[in-house]
Protein chains: 2
Amino acid sequence: MSSVEESDLLKITGKRIQQIRISKGYSQVDLAGKILGVFDTTNVSRIESGRTNPTLNTLHRIAEALEVSLSELLNIEECETDV
Amino acid sequence: MSSVEESDLLKITGKRIQQIRISKGYSQVDLAGKILGVFDTTNVSRIESGRTNPTLNTLHRIAEALEVSLSELLNIEECETDV
DNA sequence: TCCACACTTGACATATTTGACAAGTGAATG
DNA sequence: CATTCACTTGTCAAATATGTCAAGTGTGGA
């Protein structure tokens, strides 16, 4: 019951990334620019909207750019999705 | 300086998964069996040894099987890698 | 020695992420 | 209007994760 479906997981994680990004005042372009190595805005968009299933390395790069730990980035409430 | 190279990240995460797995008294076969859906021992081995860059969904499935949160699973010390 | 168990490693097919680019939407502004 | 900005969406190629099978290593027990 507490198990999260894949698509939900991706959407929830995407929203969390977006929340943190916005709270820091970054645009998607800003974020992509801060990410180590090459990172396209396209991917930011796809990940934030949960249309892609990012790899550990990608999540790590995003976490660094957002100046949070991986652990924080994925600190998802597994509780209710309602309301 | 604090930025972790990809291969290090994968190895560290793999070791962490292995630690938790062993602390729960599971073999790789046990773990693979507990993971939601299909999961081969091969993958457990590859992930634990850092030879593969797992996706968010895969990490989530492993976390569930290990009965820890994603956040706990990835609670990696970003401190020194030395010594 | 033989066998079982736990794990590693290689090869392969399939699916998907990532990276690159182009185009489209909507909002705000001059 | 036209332009700019932020973001979405489509397509494509390349790299790679996953799933599956087979074989190899090392350990321990009968």
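For clarity, every value in this text was computed on a predicted model and none was experimentally measured.
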| task | Check whether any side-chain heavy atom of B:R16 sits under 4.5 Å from a side-chain heavy atom of B:N75, and report yes or no. | result | yes
Show each protein N/O and nucleotides 11-13 of chain D N/O combination with a separation under 3.5 Å, one pair to a line.
none

| said: Whole angstroms only, please: what is the CG-P distance between A:N57 and D:dT16? | reply: 11 Å
| Among C:dG19, D:dT20, C:dT9, the one nearest B:D40 by side-chain distance | D:dT20
| field | Euclidean distance, atom CG of residue A:L31 to atom P of C:dT18 [Å, nearest integer] | value | 13 Å
| message | What is the separation between atom CZ on A:R61 and atom P on C:dT17, rounded to the nearest whole Å? | response | 15 Å
| query | Can you check whether A:L10 reaches A:P54 side chain to side chain, under 4.5 Å on heavy atoms? | reply | yes
| message | Just to verify, what does B:R21 make a side-chain hydrogen bond (donor to acceptor under 3.5 Å, both in side chains) with, not counting sequence neighbours? | response | B:E48
| task | May I ask you to evaluate whether A:T55 reaches the phosphate of C:dT17, defined as a side-chain N or O under 4.0 Å from OP1 or OP2? | result | no
| Within less than 4.0 Å of OP1 or OP2 of D:dA17, is there a side-chain N or O belonging to B:T52? | yes
| said: Side chains of A:V44 and A:I17, heavy atoms from C-beta outward: is any pair under 4.5 Å? | reply: no
| query | Within less than 4.0 Å of OP1 or OP2 of C:dT18, is there a side-chain N or O belonging to A:N43? | reply | no
| Any side-chain heavy-atom pair from A:L74 and B:L73 closer than 4.5 angstrom? | no
| said: It should be established whether B:N53 places a side-chain nitrogen or oxygen under 4.0 Å from OP1 or OP2 of nucleotide D:dT16. | reply: no
| Nearest-Å distance, CZ (A:R51) to C1' (D:dT8)? | 7 Å
| Can you tell me if the side-chain N/O atoms of B:R21 get under 4.0 Å from OP1 or OP2 in C:dC7? | yes
| task | Respond yes when some side-chain nitrogen or oxygen of B:Q28 is under 4.0 Å from OP1 or OP2 of C:dC5, and no when none is. | result | no
| said: I'd like to check A:L66 versus A:Y26 (side-chain heavy atoms, cut-off strictly below 4.5 Å). Are they in contact? | reply: yes
| said: Tell me the interatomic distance from A:L56, atom CG, to C:dT18, atom P, rounded to whole angstroms. | reply: 11 Å
| query | Is there a side-chain contact between A:L9 and B:L70 (heavy atoms, below 4.5 Å)? | reply | yes
| query | Which of the following nucleotides, D:dA17, C:dA6, D:dT8, is nearest to the side chain of B:S27? | reply | C:dA6
| note | Among the nucleotides D:dC7, D:dT18, C:dT18, whichever has the atom closest to the side chain of B:P54 is D:dT18
| remark: Residue pair B:D30/A:L10 against DNA chain C: nearer the 5' end by closest nucleotide is B:D30
| task | Answer yes or no: does a side-chain N or O of B:T58 lie under 4.0 Å from OP1 or OP2 of D:dT18? | result | yes
| Candidate nucleotides D:dT18, C:dT8, C:dA20, ranked by approach to the side chain of A:V38 - the nearest | C:dA20
| task | Round to the nearest Å and state the distance from B:I47 atom CD1 to C:dT9 atom C1'. | result | 15 Å
| Does the A:N53 side chain pair with the main chain of B:T55, one donor and one acceptor, at a distance under 3.5 Å? | no
